[in-house]
Amino acid sequence: MSPPAAGGRRARRILILLLLLTAAPILLATAAYYWWPPRGGASYGQLIVQPLPVAIAPGHWVLASWAPVPCDADCGQRLDNARRLRVAQGEAASRLDVVWLYPPGATVSVDADDVHAVVDAGVLVALAAGMHPLDDLYLIDPHGNLVLRYPAGFEPRRALVEIGKVMKVNRGMG
């Protein structure tokens with residue numbers, strides 16, 4: 001037997017080098033994933049995927065919250081924040097409604113032109129069944145799905161940016 005030719009060794013080295021170069025991106029990506037795990041999304045509101053049994057305002061995005069009777073200081077602050085969030089959307093404000101949910105049998109008096117009052121037990125029951133606090137502010141899409149929840153005492157500026165992005169990305173939805 002004669003020793004392998006120098007050309008055979010060179011071909012083997014090139015083959016091994018090509019295999020390493022092909023596998024390197026996969027190995028590096030796997031190592032990066034485990035050693036530097038990706039952070040989650042930078043969403044401010046809590047993402048919710050829950051359809052409501054009743055469409056509140058079909059064809060429009062809705063900022064909704066529960067209103068106790070009578071409306072206390074926290075309720076007034078939520079209403080003011082919701083109205084400001086709607087107005088701050090600029091030209092997209094016409095696609096966004098502010099809806100205040102009242103329990104059945106409540107006497108409703110809303111003095112603002114841009115706020116709709118809805119007396120509906122179905123939405124309140126759906127929120128309670130989903131274990132969502134009633135005193136939070138909710139963003140509902142035009143199809144009647146809960147999308148985002150902003151807890152009591154949220155920062156309106158951060159919510160403003162997020163709601164604007166959601167409505168911009170889903171421009172064809174209402």
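- Grouping Ile, Leu, Val, Met, Phe, Trp and Tyr by side-chain contacts under 4.5 Å, direct or through others, leaves Leu27 on its own.
- Note that the CG atom of Asn81 and the CZ atom of Arg86 stand 15.0 Å from one another [nearest 0.5 Å].
- Applying the side chain to side chain contact (heavy atoms under 4.5 Å, CB included) rule to Ile14 yields the partners Arg10, Leu18; only residues at least two apart in sequence or on another chain are considered.
- In this structure, Leu28 stands alone, with no Ile, Leu, Val, Met, Phe, Trp or Tyr side-chain heavy atom under 4.5 Å from its own, directly or through other members.
- In this structure, Leu160 and Ala88 approach most closely via the heavy-atom pair CD1-CB, 3.4 Å.
- Atoms NE2 and OG, from His60 and Ser94 in turn, are 7.5 Å apart once rounded to the nearest 0.5 Å.
- Separation of atoms CG (Leu85) and CD1 (Ile163) is listed at 5.0 Å; rounding is to 0.5 Å.
- With hydrophobic clusters built from ILVMFWY side chains whose heavy atoms lie under 4.5 angstrom apart, Leu47 shares a cluster with Phe154.
- The side chain to side chain contact (heavy atoms under 4.5 Å, CB included) check on Thr22 picks up nothing, with sequence neighbours excluded.
- Sorted pairs that involve residues 72-91 and meet ring pair (Phe, Tyr, Trp, His ring centres under 6.0 Å), not counting sequence neighbours, are lacking altogether.
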Assess whether side chain to side chain contact (heavy atoms under 4.5 Å, CB included) is satisfied between Ile140 and Val99, documenting all intermediate values.
CA-CA 10 Å; Ile140 302 170; Val99 173; over 6 Å; no
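- Evaluation of the side chain to side chain contact (heavy atoms under 4.5 Å, CB included) rule for Asn145 yields Pro51, Asp141, His143 as partners, not counting sequence neighbours.
- Here the closest non-hydrogen pair linking Ala93 and Gln89 is N-CB, 3.9 Å.
- Closest of all the heavy-atom pairs between Ala152 and Asp136 is N-OD1, 3.1 Å.
- Within the structure, the salt bridge (Lys or Arg N to Asp or Glu O under 4.0 Å) test picks out no pair touching residues 53-79 (sequence neighbours left out).
- Under the side-chain hydrogen bond (donor to acceptor under 3.5 Å, both in side chains) criterion, Glu162 pairs with Ser43, Tyr150, sequence neighbours left out.
- For Val166, the side chain to side chain contact (heavy atoms under 4.5 Å, CB included) partners at least two apart in sequence or on another chain are Trp61, Leu139, Leu148, Asn170.
- In this structure, the separation between CG on Leu146 and CD on Gln46 is 10.5 Å, given to the nearest 0.5 Å.
- Trp100 approaches Ala82 most closely through the heavy-atom pair CZ3-CB, 4.2 Å.
- Take Arg157 and apply the side-chain hydrogen bond (donor to acceptor under 3.5 Å, both in side chains) test, not counting sequence neighbours, and it matches no residue.
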Apply the test side chain to side chain contact (heavy atoms under 4.5 Å, CB included) to residues Leu17 and Arg13: give CA-CA distance (whole Å), side-chain angles for both, the deciding distance (0.1 Å), then the verdict.
CA-CA 6 Å; Leu17 180 65; Arg13 285 185 190 148; over 6 Å; no
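- Cluster partners of Tyr34, by chain and number: Tyr33. The rule joins Ile, Leu, Val, Met, Phe, Trp and Tyr whenever side-chain heavy atoms lie under 4.5 Å apart.
- A distance-only check finds a donor-acceptor pair linking the side chain of Arg95 to the backbone of Met167 [under 3.5 Å].
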So Tyr138 and Leu101, side chain to side chain contact (heavy atoms under 4.5 Å, CB included) or not? Walk me through it.
CA-CA 11 Å; Tyr138 294 92; Leu101 304 170; over 6 Å; no
